[in-house]
Amino acid sequence: MRVILCLFFYLLAVYPKNAIAFENVINRQGEPNYMHPTDDYGHSPYNPLFDAGAWHGHLLPINDNELGGFTGHALITEEYLHYIAKRFDKLSIYKNGVRVPLQGKVSSHPGALVQTLSNKRENIELTLTLRFVGPRTSMVKTEIKTRTPLTLHFEGQLLAAYDQENTMSAQFPTYQPKLESDDNTIIIRFGKVRAKWDLLTSGTSAYVTQKTIATTTRLSPIGFNSTANIASDTTFYTTYSHVLNTDEEQQIQQFNRQLFADPESYLIKSKLRWQSYLKVADNFPVDKQRLMTKSIETLIGNWRSAAGALSFDTVTPSVTARWFSGNLTWPWDSWKQAYAMSQFAPDIAKSNINAVFEYQITENDPIRSYDVGFIPDLIAYNKSAERGGDGGNWNERNTKPSLASWAVYKTYQHTKDKQWLTSLYPKLKAYRSWWLNNRDHNKNGIPEYGATLDAAHTHKVHGFKFKFNERTFYGLNLYNSLLKANIRLTSPAQTAASWESGRDHAANFGYINSVQLNKYIKQDGSISDWQVKFAENYNTQGLLTGYSLIQESVDQASYMVSDARYLAKIARVLNQPDEAVTFEKSAAIISRYVNRCMFDTQSGFYYDISVEAKPLANGCAGYALTKRGKGPEGWSPLFNQIATDDMAKQVRAVMLNPQEFNTYIPLGTAALTNPAFGPNIYWRGRVWLDQLYFGVKGLTHYGYKEDARTLINRFIEHADGLQQDGPIRENYHPLNGKQQGAPNFSWSAAHLYMLLSEF
């Protein structure tokens, strides 16, 4: 008891005085009628509270008839989000057999959902407080004040509809949820489903509810009713645990025994944990604190505890997005998430990075030993069929840009964990070596984006895959010969190369829709301006290892500079001065190359360049690909501090030009003058916060701080829902600020946090 009191008084002392400002930062109300409800983009229309790495979440009710329960009960079924009930464990109060209506307030707080209800006529007060107390468990503290005996009714009913068109039983007949009840415990057991693009359950997953108050329960095939009697003021606790298999269920039983022995201490620990997260916002104005809190809530909500193929906790892109909700981890996202989270949740940042490196390819890899140092583009709860699993999301077709050392060094600065840094240093070096060994076709030290050897890109017998008029053909020689005839071709390797950049289907990789292309050609352009070439890469033993685009990308070259600089910093921390000097020299060489070869003096902007059969007289691989228009890759030399002052000044002029990038929401993923621009095209118009951050950070490196602040303020003012209770979105419409893409998006939250904390 003394320990609890000490924690309580400490909490009072440190809890923010303006905590009310943090209420309802994100709208967490919702009452789903379908197991798989969707918004216009196919994502969840609701924003449940998730916390502590748990695999389930909760919503607040909208209507008075749902007060007394937390709605939704969202479950992550390995790699996808589904709702099991609109109403589950809803509490109603009866006096003398008559239901007592309740009214009051529902609110969300960082790490908590609260309902404060009452019936003044009957002198009854009810407070429900939900918090997460473990990586699989949430807990509700129910406090009832009454002067007369009451009967408590709890009820729940599982959703029968999968979506607007299909029932659950018709869509997934083996799912068959079954309810069990015993000793104040209700368990829903789910059948085995292995629908790799929709629903994945082990056959032993379950949702477990336990109470500290004695109840009598009646079950039906799809629901339950429980009752309990109280004579006076009563406080009791209810836990909800989503377990993914039998082993986890046994662990939860042990955890709950410890929890119920002292439930209040777990709630206090949850409050203190959130206080530690929010402490970083203390020195900012209240309006900025709300946005920082929204960023923190978003990132913590996307934290998933270790499960499936991942033995480390990780942070997924978005728990409410169609394709990003389950245990799915991308390196490109993780570097950014860890960079931001290292400032308020450094242990999660470290674990997220560890999760990415867990499947870095080694020389003993049974599938791609020639790819030593390679990091897969996506690792997931379920491995690919190639690796013995049955998942569809696991992806080894490509990797992501070289920001790993940037994230690792930033995380080290906040943790000072030298042992962790020591363990990652050889992995970072191996990753850099992979780029130079497997993606530098002309061996000039400037790697290209490309594609791995993968069944999606390569036929075992016939080689390189590509398409013409929806028919599949094979062979890189045939592909290149058809390109010379100005025939429009597509290839899976082109898709993988754009994924590898982190900017899917961006214009600089030859992507333009048919209407735009026809318009471009009519204006004295050529289809050849948008065709991309590939080359085969071989190792020293003559083994084919993958493909490179025959162009050098300015953003990846710039990231390689930062990678070398941060590796040098790490080397010096680890007392490796000779290696530090080597990395510093590499950074200087690539920097000079970028400025000499990738800056176009006529337009004052940076571009990717072609790779010609022979280097140009100035040592450059080829010519600037200016005809594919301007994109955010053009300010990557500013972010990575490569540009000269004069070059930065010219790039700034392009960025601030209202006819280029300075739109209603600034710094989109294609300039207005880009032939492939479209305000609703994923990476050819929409505004992504990482590219916005890279741009404004680049401006500040060259002294343009006021320009940066102006752009940031315009984004904050114009981004729909951002300053209200809308979720942080994947991207935003450049011309009107509307929300686009996935809600509750991690890297957007990470970069919003950086924009607020650094500017």
Main-chain N/O of L656 paired to N662 side chain as donor or acceptor, under 3.5 Å = yes

May I ask you to check whether F374 and W435 place their ring centers less than 6.0 Å from one another?
-> no

So, N438 versus N537: side-chain donor-acceptor pair below 3.5 Å or not?
-> no

Would you please indicate yes or no on a ring centroid separation below 6.0 angstrom for F694 and H751?
-> yes

Only pairs at least two apart or in different chains count here, so list each disulfide (SG to SG under 2.5 Å) that has a residue in residues 603-657.
-> C597-C620

Is the distance between the ring centroids of W335 and Y566 less than 6.0 Å?
-> no

Do the ring centers of W394 and Y359 come within less than 6.0 Å of each other?
-> yes

Using modelled atom types only, decide if a donor and an acceptor are shared between the side chain of R397 and the backbone of P376 within a distance under 3.5 Å.
-> no

Looking only at heavy atoms, what is the nearest atom pair of S548 and E448, with distance?
-> OG-OE1, 2.8 Å

Would a line drawn from the ring center of Y511 to the ring center of W683 be shorter than 6.0 Å?
-> no

Without swapping roles, check the side chain of E536 against the backbone of G546 for a donor-acceptor pair under 3.5 Å.
-> no

Is the F344 to Y753 ring centre distance short of 6.0 Å?
-> yes

Decide if the gap between the ring center of Y339 and the ring center of W406 is smaller than 6.0 angstrom.
-> yes

Output yes when a side-chain donor or acceptor of S491 lies under 3.5 Å from a complementary backbone atom of F466, and no otherwise.
-> no

Any idea which heavy atoms bring Q551 and N508 closest together, and the distance?
-> NE2-O, 3.0 Å

Could you go step by step and tell me if R565 and E584 meet the salt bridge (charged side-chain N to carboxylate O under 4.0 Å, His left out) rule?
-> CA-CA 6 Å; R565 289 172 179 163; E584 288 162 351; over 6 Å; no

Would I609 and L625 satisfy side-chain contact (heavy atoms from CB on, under 4.5 Å), going step by step from the backbone distance to the final call?
-> CA-CA 5 Å; I609 62 174; L625 299 170; 5.6 Å; no

If you look at every heavy atom in A708 and T700, which pair is closest and at what distance?
-> CB-CG2, 3.6 Å

Would you check if there is a donor-acceptor pair between the side chains of T458 and Y547 at a distance under 3.5 Å?
-> yes

How about N354 and W420: does a side-chain donor come under 3.5 Å of a side-chain acceptor?
-> yes

